[in-house]
Amino acid sequence: SQKIEQNSEALNIQEGKTATLTCNYTNYSPAYLQWYRQDPGRGPVFLLLIRENEKEKRKERLKVTFDTTLKQSLFHITASQPADSATYLCALAISGTYKYIFGTGTRLKVLA
Amino acid sequence: GAVVSQHPSRVICKSGTSVKIECRSLDFQATTMFWYRQFPKQSLMLMATSNEGSKATYEQGVEKDKFLINHASLTLSTLTVTSAHPEDSSFYICSARDHHEQYFGPGTRLTVT
């Protein structure tokens with residue numbers, strides 16, 4: 001069956017360090033993958049999109065990699081700040097549709 | 001980035017009544033909008049795809065007669081929860097598609113008493 005896995009345990013890191021979040025998927029052939037940030041009681045906010053033929057994408061302190069062989073995407077936040085504390089969701093676009101399947105999200109807490 | 005609004009942000013209703021939630025794309029036109037529900041500490045579950053000018057497509061297990069979706073214009077989709085019951089209490093989130101990106105509304109917290 002199709003599955004998207006993110007580390008369900010919370011990730012605590014020290015301010016200034018790089019946070020790395022993982023998204024693994026099985027039985028999908030996604031055309032592209034997106035990362036979102038969600039704060040409690042709020043809707044997800046789009047961060048980055050990476051296509052299947054792209055290995056890496058950057059935006060300011062954010063970096064996303066996409067390995068279709070490993071079926072994995074990594075999401076990095078460099079020089080992390082307490083304001084980066086939130087839940088981060090990965091979402092796969094189902095090929096041939098505009099539907100997205102979301103992972104369960106990883107809660108990140110950056111400690112001052 | 002594109003902005004999507006939802007109204008209301010919170011609603012409390014009595015069991016057996018119906019509730020309508022609006023989703024609007026404010027600065028772009030969206031031929032496709034999506035409705036999700038999210039339970040505490042869980043991921044977003046896609047309920048249905050709303051297409052402007054045609055019937056919504058529901059995901060398996062979602063009752064189309066209970067969750068009525070109308071996409072009357074390129075900027076507005078509505079979700080009506082009919083004959084609401086306490087188990088329908090959840091966080092409902094809509095999104096609107098702009099090319100390959102989806103932009104989400106702030107969500108609506110529905111509590112059925």
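Throughout, protein chains are lettered first and strands after them, A, B, ... in sequence-line order, and every chain is numbered starting at 1. As the structure is a prediction and not an experimental result, all values here were calculated from the model.
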Let me know if A:Arg107 has heavy atoms under 4.5 Å from chain B in its side chain, its backbone, both or neither. neither
Heavy-atom distances under 4.5 Å only: say whether B:Glu59 touches chain A with side chain, backbone, both or neither. side chain
Given a strict heavy-atom distance threshold of 4.5 Å, which part of B:Leu44 is in contact with chain A: side chain, backbone, both, or neither? both
Among B:Ser83, B:Ser89, B:Ser90, find the one that has a side-chain contact (heavy atoms from CB on, under 4.5 Å) with B:Val112. B:Ser89
side-chain contact (heavy atoms from CB on, under 4.5 Å) with B:Thr78: which of B:His71, B:Arg24, B:Glu22? B:Glu22
Run the ring-centre check on B:Tyr36 versus A:Phe102 and record whether the distance is less than 6.0 Å. yes
Under 4.5 Å heavy-atom distance to chain B, tell me which part of A:Gln6 shows up: side chain, backbone, both or neither. neither
With chain B, the option among A:Ala91, A:Gly105, A:Pro44 that has the most non-hydrogen atom pairs under 4.5 Å is A:Pro44
In terms of heavy-atom proximity below 4.5 Å to chain A, should B:Thr32 be classed as side chain, backbone, both, or neither? neither
So do A:Leu108 and A:Ser85 actually touch side chain to side chain, heavy atoms under 4.5 Å? no
Does the plane of the ring in A:Trp35 sit parallel, tilted or perpendicular to the ring in A:Phe75? Use 30° and 60° as the thresholds. parallel
With a 4.5 angstrom heavy-atom cut-off, is it the side chain or the backbone of A:Tyr100 that approaches chain B, or both, or neither? both
Shorter than 4.5 Å, heavy atoms on both sides: which option in A:Pro40, A:Ala93, A:Gly43 has the most such pairs with chain B? A:Gly43
Does the ring centre of B:Phe104 sit less than 6.0 Å away from the ring centre of B:Phe34? no
